[in-house]
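Keep in mind that this is a model prediction, so the values were computed, not measured. Only heavy atoms go into these numbers, but all of them, side chains included; no hydrogens, no water, no symmetry mates. Throughout, a chain's letter reflects where its sequence line sits, starting with A, and its residues are numbered from 1.
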Amino acid sequence: MQGKRVSKYKVEFDRTGKMKVPAALYASESLKIEDSAIRQLLDAAALTGVRKVIGTPDLHHGYGVPIGSVVALEGTICPAAVGYDINCGMRLLTTPLERGDVDVVEMTQSLRRDIPLGEGKSNVRMNKNDFRLVLEKGVSALREIKRKDHRVWEGFNLDETHADMQAIEEHGSMDGDTAAVSERAFERGISQLATLGGGNHFIEIQVVERVLDEKIGERFGLHPNQIVVMIHSGSRGLGHEIGGHYMRISKQKTRDSSPNPSLTYLPLDDREAQRYIKAMHAAANFAFVNRHLMAALVRKNFRHEFGDIAMPTVYDVPHNMAKLETHGGEDYWVHRKGATRAFDAARMKDTPYADVGQPVLIPGSMGTASYVLVGTPTADESLFSVNHGAGRTMSRTAATGRRPGWGKRRREKRQEAAISDSDFKRAMRGIHLVCADKRSIKEEAPQAYKDIDEVIETVVGADLAVAVARLKPLAVLKG
DNA sequence: ATGTGC
């Protein structure tokens, strides 16, 4: 695509055609970004109310808006720029344990017994009033629910909820409204709390391989050879239903004034825009609680094995969310889709990280490293945002060799899988893998993703964040 | 991402 490289790590796209603002893409020359994703990014620069459009180094094709993008709007909101998995995000727990202390095969097995993996799974079946409270208040609802009365809460020790809330973006509680959530979404969600989901979602037992910034590493409670646990999950069927619902409504309303039929928006003065915001917050609350409950189950299993050890939350950070933020004196709805907020110290007031900046959690693909970084003041040019992962290089269907629409085309010959069994095994050597669906696991093969180290090089080289630690997976649970 | 969809 046309676009001029202005530095080793940044490409700029001038206004052309219907674009209302220029766009910027952070990516080194070696990171190949697909043309279709760039075209989607430039289309986003034509949205009504657009003020800023940024692509991060894991940019790839998504529905309407590319994954890995940041879109700032004024007076409008865009459900497709948040995506289907509202408040998909990361949580990192530390332990006082060292590599060698943990039998990861055994630990993975016991986690699997407690946490359902894969699509369509259920776990905590809540009553309607309690679930409504979760959607409206998020993690803080857990302090109000009378858990002793319900068998579903057996095994969940939530004594650390207050401490955890300090280390969750928005304290894990946004202003949600059940009235904006369809009955269908509500019914899908009510039994799905404390489930991992599928796709790229995972729980990993990792070891801190290298601390790259000792002072901040120590501040985050990280040291070499330490065992940590990373959780990647979202709002499951509930968020998917809400995202899809409001994408359909925005398509009905603004199709004619939008860049294309899958990239539509809602004016903020429209009642449906206000309902979307409340429903998005409800889904965000669900996802915060979902990760929080899985963290409780992780703690339960570690403590069963190792006694009453401390397992604090370093941070819990969404990477699919729209938020009203002030940048350069202007108020924007900042949409991050597959992009992680990376606030500097000044923007972390009233959090435990007001002195250092926000912990930023970026997972690699399955079987490769993950990174912990910290926000920096120089990230103002990306609206304090970085990528959310390695980014795909291969579609799901290409990676497995399966054709899309499997059900009705069963008789057709399979395409040749781009990734052979032996290549997959080699990439996963030394890592214990437990997954719900063996047939589709190659969708998540390391070979289907970009090199996480190259992606991080761009983020750090462009001064969007500072690297703090590199984590290596020992065991991974997948959907 | 998702009880992979009309």
Protein-nucleotide distance (A/Arg396, atom CZ; B/dT2, atom P), rounded to Å: 9 Å
Sugar-phosphate only, base, or nothing, as touched by A/Gly198 at under 4.0 Å among non-hydrogen atoms: sugar-phosphate
Interatomic distance where NZ belongs to A/Lys121 and C1' belongs to B/dT4 [whole Å]: 14 Å
N/O donor-acceptor pair under 3.5 Å between A/His232 side chain and A/Phe202 backbone: no
Sugar-phosphate only, base, or nothing, as touched by A/Gln192 at under 4.0 Å among non-hydrogen atoms: sugar-phosphate
Nearest-angstrom distance from the residue atom OH of A/Tyr84 to C1' of B/dG5: 12 Å
Side-chain donor or acceptor of A/Ser173 paired with backbone N/O of A/Lys137 under 3.5 Å: yes
Gap between atoms CD1 and P, on A/Ile441 and B/dT4 respectively (whole Å): 18 Å
Sugar-phosphate, base or nothing in reach of A/Gly239, heavy atoms under 4.0 Å: nothing
Nearest-angstrom distance from the residue atom CG of A/Asn87 to P of B/dT2: 13 Å
Residue pairs, two or more places apart or on separate chains, that pass salt bridge (Lys or Arg N to Asp or Glu O under 4.0 Å) and touch residues 60-69 of chain A: none
Nearest-Å distance for atom pair CZ/P, residues A/Arg236 and B/dT4: 12 Å
Sugar-phosphate only, base, or nothing, as touched by A/Gly234 at under 4.0 Å among non-hydrogen atoms: nothing
Donor-acceptor side-chain pairing of A/Tyr449 and A/Asp58 below 3.5 angstrom: no
Spacing between A/His240 atom NE2 and B/dT4 atom C1', to the nearest angstrom: 8 Å
Nearest-angstrom distance from the residue atom CZ of A/Arg248 to C1' of B/dG5: 12 Å
